[in-house]
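Chain letters run A, B, ... following the sequence lines, proteins first and then strands; every chain starts at 1. Please read all numbers here as calculations on a predicted model, not as lab measurements.
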Amino acid sequence: MHIKETLSQRIEAAFAQQELAGSAMVQVSSRPEHGDYQANGVMSAAKRAGKNPRDLAGYLLEKLSIADIASSVEVAGPGFLNIRLAPAYLATVNAAQIDQAATSQTVVVDYSAPNLAKEMHVGHLRSTIIGDCMARVLEAQGHQVIRQNHVGDWGTQFGMLVTYLNDSGASSQTLADLESFYRQSKTQFDQDQDFANRSRQAVVALQAGDPDTREAWAHFIDISMSHCQSIYQRLNVTLTPEHTQGESTYNHDLPAVIEDLEAQGLLVVSDGAQCVFLSQFKTKKGEILPVIVQKSDGGYLYATTDLAAIRYRTGTLNADRILYFTDARQALHFKQIFAVSAEAGFNRSSAQLEHMPFGAMLGADGKPFKTRAGSVVKLTELLDEAELRAAQLIKEKNSQLDPQEIQTLSRIIGIGAVKYADLSKNRTSDYLFDWDQMISFEGNTAPYLQYAYTRIQSVFTKGGIDAEALPKQTVAVDEPERLLAVSIAAFNDTLRAVSTEGYPHLLCNYLYVLATQFTRFYELCPILSSAGEIRERRLVLAHQTGCTLKAGLALLGIDVPNRM
RNA sequence: GCGCCUGUAGCUCAACUGGAUAGAGCAUCGCCCUUCUAAGGCGAGGGUUGAAGGUUCGAGUCCUUCCAGGCGUACCA
């Protein structure tokens with residue numbers, strides 16, 4: 001059910017009868033006394049037509065055929081149309097059912113992309129969970145989603161790591177703590193001239209495809225990837241090894257990228273480096289801003305790799321759309337890459353290329369989130385802390401639970417809280433990571449939504465009711481019921497906005513409003529103590545809410561407990 | 001220098017991309033558990049949306065100029 005679209009169509013049909021053009025501009029009403037939805041488009045349409053907006057709105061009302069979905073439409077203010085949805089229309093909702101997109105696209109979602117030289121840290125969190133949410137939403141809407149984990153598995157630092165791995169004996173045990181392994185090898189690299197030289201030779205050997213070096217490298221990558229995999233599992237992120245398409249997989253195509261650019265006359269040698277100069281990247285003064293695709297020493301850069309990735313994703317994967325979830329600092333890089341690929345014809349399927357930037361994660365002091373000692377926070381440590389804090393709170397709130405259940409709950413609640421804290425904020429801005437606020441579990445947090453869900457489950461448990469045996473739909477009567485029904489019905493409008501704009505926080509906001517609406521209903525409309533039709537329709541509404549909360553949270557990659 | 005982003009209540013964030021009286025949570029204060037889980041609900045206070053202009057029926061949102069902060073800006077990713 002797409003309410004905005006349906007309302008827009010009806011209103012725009014009335015527009016057409018008045019020989020007006022333009023969007024009806026339907027949105028959820030800004031205030032409850034203005035109804036459920038409002039159309040703002042009459043005023044701008046009237047302006048274009050040189051007519052009085054209020055008069056025009058009046059004429060439109062006469063032409064408007066909408067009685068089956070709206071119980072009332074009123075002209076208000078300078079020309080707003082205030083719409084109240086009819087309970088009979090709301091009763092046709094298939095709660096929590098996700099509508100399929102009219103045309104299914106092949107969408108490449110590029111996210112997570114940790115550097116395999118080190119352990120995953122908080123800097124990887126946003127890309128990983130925001131990208132994962134988008135992948136889930138697009139997939140649920142019937143798009144063919146291809147997850148691409150563009151991991152950093154190539155480059156000079158791997159020469160150092162592989163050499164150190166060989167020196168210290170290539171056991172998995174050695175790599176148990178990837179972080180200290182990296183530190184040790186770096187120390188060795190800085191202190192030991194011989195080691196440094198051998199490391200540089202290893203890079204050359206690796207690039208040249210030397211079997212032994214290659215094998216050691218593969219071993220290292222393998223172990224590092226399994227570190228990531230355990231994090232993904234803990235985080236409830238859908239990435240698996242088959243989604244890994246690291247930088248190294250484009251290695252073979254890099255010379256061809258350069259050749260193609262050369263053949264098209266796009267390359268210019270500047271200070272020994274191969275560059276592409278595009279007019280749109282000149283500064284006002286006319287200073288040139290190159291995209292360097294090959295270093296003066298012959299090495300390639302991430303620009304080259306990303307160009308190769310575009311060729312692969314559009315040429316082989318045949319993408320209609322490619323979404324990049326990387327931090328905002330790379331905005332210029334992607335602008336350049338997209339421009340070069342357009343110029344060079346690398347976008348072989350004419351895919352829509354979209355950089356979905358996000359801001360930094362800051363500590364309570366407003367500076368990049370670090371440990372007290374000033375080092376980056378490992379993701380494992382962050383998740384440990386989240387579960388620990390959740391466990392403490394759970395014990396406080398509900399002491400009857402057995403240890404096993406507390407453990408399960410602290411995972412669901414703790415991890416959910418961390419993910420939700422991130423997903424619920426506007427992607428593009430920086431955000432403050434504050435334990436106390438996040439684990440307060442009040443207001444717009446995952447635990448609030450989970451709590452609302454468990455209250456619903458509790459109603460069914462307590463009443464001994466099989467929710468599946470209930471009717472799927474019902475007609476709301478009392479106002480709190482109707483408002484809840486309006487919220488439930490807006491699910492797909494929200495998902496559509498999320499998938500086109502790439503903003504998971506819209507889904508979070510929606511779920512929060514839904515949960516709030518439910519809680520109000522829960523306070524005002526007794527369920528189990530009611531009888532007959534009243535009891536049944538309230539049970540149906542409660543069940544619809546529960547399904548929608550569960551489905552929505554699942555799209556965010558957050559689980560729901562049955563009690564807490 | 002140039003470019004991009006950000007600036008909203010004491011704090012953390014919204015505001016559906018130009019709509020009506022800028023909304024939530026936290027914190028503060030006052031109510032509500034013999035009734036389906038109080039991780040909850042109801043209410044109060046709290047704002048010159050960084051500043052000044054402009055565009056128009058209408059601006060937190062668009063344009064200009066400032067102010068403050070962050071980031072980027074030729075061989076890291």
Side-chain angles (χ1 to χ4, degrees), chain A residues 4 25-31 33-34 38 40 43-44 46-47 53 76-80 82 113 115 152 155-157 247 270-275 281 283-285 287-297 299-303 305-306 326-333 335 357 359-360 362 364 366 393-394 396-398 413 421 424-426 428-432 434 436-438 440-445 447-448 450-452 454-463 493-494 497 501 503 505-506 508-510 512-513 516 519-520 522-524 526-530 538 542 563-564:
Chain A
K4 285 187 195 175
M25 294 171 63
V26 174
Q27 61 178 238
V28 172
S29 283
S30 53
R31 335 183 111 257
E33 59 268 31
H34 295 147
Q38 64 183 64
N40 303 330
M43 290 170 286
S44 39
K47 188 183 192 173
F80 296 100
N82 288 341
N115 178 357
T156 51
Q157 52 197 339
E247 291 170 351
S270 177
D271 288 349
Q274 297 284 358
C275 304
F281 296 111
T283 65
K284 272 183 189 167
K285 287 184 188 169
E287 283 169 7
I288 31 179
L289 198 62
V291 181
I292 301 177
V293 291
Q294 189 170 24
K295 298 195 280 185
S296 49
D297 68 1
Y300 303 104
L301 299 104
Y302 75 142
T305 312
D306 275 335
T326 77
D327 73 86
R329 288 176 300 186
Q330 298 184 40
L332 178 60
H333 164 71
K335 249 184 213 164
L362 307 175
L393 198 77
I394 292 161
E396 240 173 71
K397 299 282 183 189
N398 192 342
I413 294 172
S424 63
K425 271 140 203 144
N426 187 318
T428 52
S429 43
D430 294 348
Y431 91 96
L432 241 61
D434 182 355
D436 294 327
Q437 189 181 312
M438 191 172 59
S440 73
F441 294 166
E442 286 161 349
N444 191 5
T445 63
Y448 176 87
Q450 291 166 329
Y451 181 64
T454 58
R455 286 172 114 179
I456 293 168
Q457 299 318 298
S458 179
V459 169
F460 288 91
T461 311
K462 197 143 226 166
D493 274 345
T494 307
E501 324 258 342
Y503 286 118
H505 83 279
L506 298 175
C508 296
N509 288 351
Y510 165 78
Y512 182 58
V513 170
T516 304
T519 310
R520 241 164 245 158
Y522 181 88
E523 301 272 342
L524 295 169
I527 303 171
L528 293 176
S529 55
S530 303
R538 288 179 180 174
R563 62 171 183 162
M564 62 192 275

Please enumerate all residues that pass side-chain contact (heavy atoms from CB on, under 4.5 Å) together with A:Ala328, with sequence neighbours excluded. A:Pro357

Which residues share a side chain to side chain donor-acceptor pair (under 3.5 Å) with A:Ser530, sequence neighbours left out: A:Arg538

From B:rU21, B:rA14, B:rA39, nucleotide with atom closest to A:Pro447 side chain: B:rA39

Hey, what are the protein-to-nucleotides 48-50 of chain B N/O distances that come in under 3.5 Å?
none

Under the criterion of centre distance below 5.5 Å and interplanar angle below 30°, is A:Phe80 classified as stacked on the base of B:rG19? no

Give the nucleotide from the list B:rC13, B:rA39, B:rC57 with an atom nearest to the side chain of A:Tyr431. B:rC13

Where the chi angle of B:rU17 falls, syn if within 90° of 0 and anti if not: syn

Between the protein and nucleotides 70-72 of chain B, list the N/O to N/O atom pairs that are separated by less than 3.5 angstrom.
none

Residues that A:Ser424 engages under side chain to side chain donor-acceptor pair (under 3.5 Å), provided they are two or more places apart: none

Those residues that, when tested against A:Tyr512, pass side chain to side chain donor-acceptor pair (under 3.5 Å) (two or more places apart): none

Sequence neighbours left out, what passes side chain to side chain donor-acceptor pair (under 3.5 Å) with A:Ser296? Give chain and number order. none

Classify the side chain of A:Lys4 versus the base of B:rC16 as yes if they form a donor-acceptor pair under 3.5 Å and no if they do not. yes

Mind checking A:Ile456 for me? I need base, sugar-phosphate or nothing, with any heavy atom below 4.0 Å counting as a touch. nothing

Which part of the nucleic acid does A:Ala331 contact within heavy-atom distance under 4.0 Å: base, sugar-phosphate only, or nothing? nothing

Set of side-chain contact (heavy atoms from CB on, under 4.5 Å) partners for A:Leu524, sequence neighbours left out: A:Pro480

Sequence neighbours left out, what passes ring-ring contact (aromatic ring centres under 6.0 Å, His included) with A:His505? Give chain and number order. A:Tyr503

Return the set of residues passing salt bridge (charged side-chain N to carboxylate O under 4.0 Å, His left out) with A:Arg520 (not counting sequence neighbours), or none when no residue passes. none

With B for base contact, S for sugar-phosphate-only contact and - for none (protein heavy atoms under 4.0 Å), nucleotides 22-36 of chain B reads -SSSS---------B

B:rC32: syn or anti, with syn meaning chi within 90° of zero? anti

For the aromatic rings, using the six-membered ring if either is Trp, is the centroid distance between A:His34 and A:Phe80 under 6.0 Å? no

Could you check whether A:Tyr448 gets within reach of a base, just the sugar-phosphate, or nothing at all, counting any heavy atom under 4.0 Å? sugar-phosphate

So, A:Asp430 side chain and A:Ala360 main chain: donor-acceptor pair closer than 3.5 Å or not? yes

Stacking between A:His505 and B:rA14, defined as ring centres under 5.5 angstrom apart with planes under 30°, is that present or not? no

By a 5.5 angstrom centroid cut-off and a 30 degree plane limit, is there stacking between A:Tyr451 and B:rA39? no

Partners passing ring-ring contact (aromatic ring centres under 6.0 Å, His included) against A:Tyr522 (at least two apart in sequence or in another chain): A:Phe518

